[in-house]
2 protein chains.
Amino acid sequence: MNAVATKPPPENSLNERLAHSGLRLTPQRQQVHEVLREKMDHPTADQVFMRAKSKMPEISMATVYNCLDALVTCGLVRQVTLDRGATRYCPNMQDHSHFYCDECGSVYDILQTISPEEAHIKLPRGFRLKLIETNLHGLCPDCAAKTK
Amino acid sequence: MNAVATKPPPENSLNERLAHSGLRLTPQRQQVHEVLREKMDHPTADQVFMRAKSKMPEISMATVYNCLDALVTCGLVRQVTLDRGATRYCPNMQDHSHFYCDECGSVYDILQTISPEEAHIKLPRGFRLKLIETNLHGLCPDCAAKTK
DNA sequence: TCAAGATTTAGAATTATTCTAAATTGAGCC
DNA sequence: GGCTCAATTTAGAATAATTCTAAATCTTGA
């Protein structure tokens, strides 16, 4: 045993985070969170539903939306909207941005962001800035190779 | 008369831009573009439809989507997706970002962006970056005042 | 144990977007 | 000008995404 602080197991933080927003930890919310962490490919609500259903056959679509909303509310999941299609969900809460391939629609995490400070964005009086979302658009390696 | 270069009338550039992408200038596309420029409040396709319809009663929803797509394709309009709701459209092609009020959903143009250079984003090999989209989230002056 | 409130569920309802097939339009050519 | 071809528009149906509803279930705290 050493003195280094260890992270609490994810279930704990999950519970704490939910509780902090006045929400309960339920098996469904746990399952949805697990599904997201298992394969961080930015699935849509529908994909989350199908994956969760395979482990928990009784879960319903409405619950998936409810769980996703709960997880977003308490800051454990990010919503990612990049085009006209369905919203995607991302359980990576590290500061990062998303690269969206305009050709094939795939999404990649890019472990860099622009902080409000370095962006030195000056907003008109009265605005309260909470978060800067950076979306990178272009071609993923596969599509870039094909286009060449 | 003086020697200062004058901008070509918007219809011209509209036509040129469309032609450049192999698209035609039609009354409907012109109308949709006009609607967007008239009130730059980031309307949804549905709002554009209603506004266009008041001037051109025979226009259909499918045409509005077609026109919006055409204008986006030829670089005259930007698509703005900020949340789970309907996509919005922005005819301001100046470099700028969008401020989204998480409370009331209103959208403001912010005339600052982060260039790929100053962002010094380093992408993994193979990615081809075309555009950085910056979305600011927080509270608009009205909502900020209420929350206080 | 009970009551109150939160959560889940199925399915209906709504909203957003795309598709389809027929009609219309416009550009280039004779 | 009339003809042909392809692009565009149209109404409406179809699909996809999300939200709503009301009843059932679960959890928590008195």
Side-chain angles (χ1 to χ4, degrees), chain A residues 11 14-35 42-53 55-74 76-77 79-89 105 107, chain B residues 11 14-35 42-53 55-74 76-77 79-89 105 107:
Chain A
E11 288 71 31
L14 184 51
N15 192 2
E16 275 165 33
R17 287 305 204 99
L18 285 165
H20 187 264
S21 302
L23 298 164
R24 292 180 187 161
L25 175 58
T26 66
Q28 289 86 349
R29 288 175 180 167
Q30 209 164 327
Q31 180 63 66
V32 164
H33 194 229
E34 232 169 273
V35 159
H42 306 88
T44 63
D46 200 61
Q47 292 173 307
V48 172
F49 174 56
M50 291 188 299
R51 293 177 197 175
K53 206 176 168 68
K55 298 277 187 62
M56 189 184 260
E58 347 67 51
I59 200 170
S60 77
M61 193 68 208
T63 299
V64 168
Y65 272 104
N66 168 346
C67 293
L68 290 169
D69 285 345
L71 295 169
V72 168
T73 297
C74 72
L76 283 165
V77 164
Q79 238 172 343
V80 185
T81 51
L82 291 161
D83 64 1
R84 225 145 60 177
T87 299
R88 298 140 183 275
Y89 297 87
V107 178
Chain B
E11 288 70 31
L14 183 53
N15 192 2
E16 275 165 31
R17 288 303 205 100
L18 285 164
H20 188 264
S21 302
L23 298 165
R24 291 181 189 160
L25 176 58
T26 66
Q28 289 85 348
R29 286 175 181 167
Q30 209 166 324
Q31 180 64 66
V32 164
H33 193 230
E34 233 168 273
V35 160
H42 307 87
T44 63
D46 200 60
Q47 293 174 305
V48 172
F49 174 56
M50 291 187 301
R51 294 177 196 175
K53 206 177 169 66
K55 298 278 187 64
M56 189 184 257
E58 346 67 51
I59 201 170
S60 77
M61 193 68 209
T63 299
V64 168
Y65 273 104
N66 168 347
C67 293
L68 289 169
D69 285 346
L71 294 170
V72 168
T73 298
C74 72
L76 283 166
V77 164
Q79 238 171 346
V80 184
T81 51
L82 291 162
D83 63 1
R84 223 145 62 175
T87 299
R88 298 141 182 275
Y89 297 86
V107 179

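Every chain is numbered from 1, with letters handed out A, B, ... down the list of sequences. Please read these numbers as outputs of a predicted model, since none were measured by experiment.
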[X] has an atom [atom1]; how far is it from atom [atom2] of [N], in whole Å?
| X | N | atom1 | atom2 | value |
| --- | --- | --- | --- | --- |
| A:M61 | C:dT7 | CE | P | 19 Å |
| A:L23 | C:dA6 | CG | C1' | 9 Å |
| A:Q47 | D:dT18 | CD | P | 11 Å |
| B:L68 | D:dT9 | CG | C1' | 14 Å |
| B:Q30 | D:dT8 | CD | P | 15 Å |
| A:D69 | D:dC20 | CG | P | 10 Å |
| B:R29 | D:dA7 | CZ | P | 11 Å |
| B:Q31 | D:dT10 | CD | C1' | 16 Å |

Heavy atoms under 4.0 Å, any strand shown: does [X] hit a base, just sugar-phosphate, or nothing?
| X | value |
| --- | --- |
| A:T26 | sugar-phosphate |
| A:R24 | base |
| A:A62 | base |
| B:N66 | base |

For DNA chain C, whose closest nucleotide is more 5', that of B:P27 or that of B:G85?
B:G85

Take A:M56 and B:T44, find for each the nucleotide of DNA chain C with the closest heavy atom, and name the residue whose nucleotide sits nearer the 5' end.
A:M56

Measuring from the side chain of [X] (C-beta onward, heavy atoms only), which nucleotide among [options] has the closest atom?
| X | options | answer |
| --- | --- | --- |
| B:A86 | C:dT9, C:dT17, D:dT10 | C:dT17 |
| A:T87 | D:dT18, C:dT7, C:dT9 | D:dT18 |
| B:A45 | C:dT17, C:dT9, D:dT9 | C:dT17 |

So, the side chain of A:R29 versus the backbone of A:R24: is there a donor-acceptor pair under 3.5 Å, distance only?
yes

Taking 4.0 Å as the cut-off, does a side-chain nitrogen or oxygen of [X] come that near to OP1 or OP2 on [N]?
| X | N | answer |
| --- | --- | --- |
| A:Q28 | D:dC26 | no |
| A:T63 | C:dT9 | yes |
| B:Y65 | C:dT18 | no |

Between [X] and [Y], what is the shortest heavy-atom contact and its length?
| X | Y | value |
| --- | --- | --- |
| B:V64 | B:A45 | CG1-O, 3.7 Å |
| B:V32 | B:C67 | CG2-CB, 3.7 Å |
| A:G105 | A:R88 | O-NH2, 3.2 Å |
| B:C74 | B:L18 | SG-CD2, 3.8 Å |

Residue whose closest nucleotide on DNA chain D lies nearer the 5' end, B:P57 versus B:R84
B:P57

Residue from A:T87, A:T81, A:D69 passing side-chain hydrogen bond (donor to acceptor under 3.5 Å, both in side chains) with B:R84
A:D69

